[in-house]
Enquirer: 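Questions regarding the structure given below will be posed in turn.
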Number of protein chains: 2
Amino acid sequence: MGTTQLETVPEPKYWHLKNVIGEALDSEFSIGEILPNERDLAARFGVARATLRQALEQLELEGRLQRRRGVGTTVAPPRMGVAVGSPRQNWPGNDDDWRTVDCMQTLAPVAVARLLDQDPARTVHLVRRSRVSGGQPVAAELLYVTESAVPELSGIDAPAGPARARAVLRELHRLDLEGEDRSVELASARADDAKELDRLPGAPVLLVTTRYFAQGRTAAVSMATYRADTCRLTFGDTGDVEIHHGAERQAQAS
Amino acid sequence: MGTTQLETVPEPKYWHLKNVIGEALDSEFSIGEILPNERDLAARFGVARATLRQALEQLELEGRLQRRRGVGTTVAPPRMGVAVGSPRQNWPGNDDDWRTVDCMQTLAPVAVARLLDQDPARTVHLVRRSRVSGGQPVAAELLYVTESAVPELSGIDAPAGPARARAVLRELHRLDLEGEDRSVELASARADDAKELDRLPGAPVLLVTTRYFAQGRTAAVSMATYRADTCRLTFGDTGDVEIHHGAERQAQAS
DNA sequence: GAGTGGTCTAGACCACGCG
DNA sequence: GCGTGGTCTAGACCACTCG
């Protein structure tokens with residue numbers, strides 16, 4: 001990465017900087033390599049640190065850099081493809097790479113109650129799961145299950161921990177899944193999700209909301225929060241993929 | 001929106017600010033209403049403008065605010081649900097809300113050539129389309145079509161404009177679509193896409209990459225860039241949706 | 001304790017939209 | 001021309017990680 005002077009064009013400096021550094025990442029750095037620290041980089045490019053940071057933020061958003069406080073900035077590996085709802089990915093049974101955390105009985109937020117098409121005053125089972133892929137935490141999920149979908153659990157009072165969560169998932173799995181309904185949007189990580197995903201609060205995430213239908217009703221709603229910097233969500237019945245990576249930058253470059 | 005003092009906790013000011021303003025948006029503002037300008041707001045909350053801006057940026061990322069240079073900051077309407085690939089949404093025929101822009105013959109970027117499983121030295125048809133929903137531009141698409149998928153066009157030399165684009169789509173539509181393959185990831189808008197989407201370069205977008213299979217091969221690849229601030233991508237065969245909105249904030253609030 | 005990224009400040013000027 | 005948000009600066013201090 002040279003000490004190149006920025007041009008004097010009307011384009012923002014941070015935009016140039018982002019492109020210059022982005023190209024340097026492709027040609028002069030390898031995955032996992034650590035960059036010089038922000039103060040040095042800023043001095044080298046002759047800009048204020050805040051400006052340099054604006055460029056790095058963009059590159060991090062695009063999944064090309066990873067920054068950790070107290071450690072440094074490293075070159076990120078290509079985003080990993082994470083399968084979302086191809087062959088009933090999340091419907092229990094395939095505990096693939098989901099780790100069941102715990103379970104409690106609570107009131108669903110009104111927005112979730114609406115998705116469940118249920119009275120907000122009725123309690124639901126709330127199962128928390130987290131998904132790990134390639135050794136990295138990639139998603140935190142809140143799974144809201146209506147009590148009517150898993151009636152056998154009404155009497156059970158297992159401790160509100162993993163055991164109970166597994167019981168709920170087991171009962172849920174007994175149902176015939178009739179369909180699902182999904183949406184994806186950009187959000188920022190809530191404090192607790194951020195912690196679980198090893199990010200700072202407010203980090204960009206992809207919020208995947210799924211409704212599961214069974215017995216002619218909405219049986220459960222999942223709100224899964226995926227790290228936007230490290231994940232590429234994949235859909236589709238052909239479960240191969242993993243072609244598309246790294247070099248896609250050239251298709252998307254300015 | 002009061003002149004509330006920020007607490008003296010170790011949480012970042014901009015995070016508090018974001019929450020405070022976010023709550024004010026729900027309770028004291030209506031959609032489309034304009035907020036006081038940044039300098040006033042910063043003074044009112046007793047913070048530097050940069051700090052206030054950090055909070056507003058987050059809210060904009062979450063689709064709750066809309067900021068336009070030279071105009072001001074307004075309260076954004078709830079994100080619109082945009083159907084992505086339920087009943088062959090993009091496969092020609094349904095010109096739904098897609099507007100065909102133009103078409104040219106060019107070399108595909110190597111990443112796209114790889115997705116097409118084709119020699120990067122072979123040219124492709126590149127159709128540009130843009131999608132409008134609710135009067136707003138929501139997506140810009142680059143559709144790469146292999147020449148072998150639409151052989152009838154080899155001899156044609158219509159002017160490289162909309163007419164030619166429509167011809168390509170027409171031929172493409174003749175094929176039997178055998179399957180598709182989709183991925184969604186966060187990206188930042190390239191300069192030209194940004195312009196088309198009425199955003200600044202680098203604005204956060206959802207990049208939807210789709211491979212279309214026909215005749216046992218990959219016939220086309222679409223790279224569609226959706227505004228992340230205004231769109232919620234919806235999937236699934238039950239094409240209703242539009243329940244889930246606004247109030248979901250309570251499900252996602254810190 | 002040294003070094004990193006994260007937050008925050010108080011200014012300045014620029015680019016754009018609109019009357 | 002005025003007011004808006006967008007960019008940029010040069011500093012300061014904080015929170016975290018690690019040797």
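Here is the naming used below: chain letters follow the sequence lines, and residue numbers restart at 1 for every chain.
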Enquirer: How long is the line joining CD of A/E57 and P of D/dC8, in whole Å?
Expert: 13 Å
Enquirer: For B/V71 and A/R67, find the nucleotide of DNA chain C closest to each by heavy atoms; which residue's nucleotide sits nearer the 5' end?
Expert: A/R67
Enquirer: Go through the structure and list residues passing side chain to side chain donor-acceptor pair (under 3.5 Å) with A/Q58, not counting sequence neighbours.
Expert: B/S188
Enquirer: Between C/dC8 atom C1' and B/Q54 atom CD, what is the distance in whole Å?
Expert: 8 Å
Enquirer: Holding to side chain to side chain donor-acceptor pair (under 3.5 Å), I want the full list of residues that pass it with A/E23, two or more places apart in sequence or in another chain.
Expert: none
Enquirer: Looking at every strand, decide which applies to B/L56 at a 4.0 Å heavy-atom threshold: base, sugar-phosphate, or nothing.
Expert: nothing
Enquirer: List in chain and number order the residues that pass side chain to side chain contact (heavy atoms under 4.5 Å, CB included) with A/I31, two or more places apart in sequence or in another chain; answer none if no residue qualifies.
Expert: A/P77, A/P78
Enquirer: If the condition is side chain to side chain donor-acceptor pair (under 3.5 Å), which residues does A/R53 pass it with, not counting sequence neighbours?
Expert: A/E38
Enquirer: Does A/T51 place a side-chain N or O at less than 4.0 Å from the phosphate oxygens OP1/OP2 of D/dT9?
Expert: yes
Enquirer: Side-chain N or O of A/T73 less than 4.0 angstrom from OP1 or OP2 on C/dG5?
Expert: yes
Enquirer: Within the structure shown, what part of the strands sits under 4.0 Å from B/R53 by heavy-atom distance: base, sugar-phosphate, or nothing?
Expert: base
Enquirer: Does B/Y14 put a side-chain nitrogen or oxygen below 4.0 Å from OP1 or OP2 of C/dT7?
Expert: yes
Enquirer: State which residues pass side chain to side chain donor-acceptor pair (under 3.5 Å) with A/D192; sequence neighbours excluded, sorted by chain then number.
Expert: A/R190
Enquirer: Rounding to an integer number of Å, can you tell me how far B/E11 CD sits from C/dC8 C1'?
Expert: 16 Å
Enquirer: Does a donor on one side chain and an acceptor on the other come within less than 3.5 Å for B/S30 and B/E33?
Expert: yes
Enquirer: Atom CG of B/L35 to atom P of D/dG5: distance rounded to whole Å?
Expert: 9 Å
Enquirer: Quick test: give all pairs of protein nitrogen or oxygen and nucleotides 11-15 of chain C nitrogen or oxygen below 3.5 Å, distance rounded to 0.1 Å.
Expert:
{"residue": "C/dA15", "atom": "O4'", "partner": "B/R69", "partner atom": "NH1", "Å": "3.2"}

Enquirer: Are the charged groups of B/D26 and B/R64 less than 4.0 angstrom apart, N to O?
Expert: yes
Enquirer: Could you tell me the separation between the CG atom of B/D40 and the P atom of D/dT4, rounded to a whole number of Å?
Expert: 7 Å
Enquirer: Both A/N37 and B/A48 contact DNA chain C. Which one's nearest nucleotide lies toward the 5' end?
Expert: A/N37
Enquirer: Expressed as a whole number of angstroms, how long is the span from A/L17:CG to D/dT7:P?
Expert: 13 Å
Enquirer: Rounded to whole Å, please give me the gap between CD in B/Q58 and P in C/dG6.
Expert: 14 Å
Enquirer: Between B/L52 (CG) and D/dT7 (P), how many Å, whole number?
Expert: 16 Å
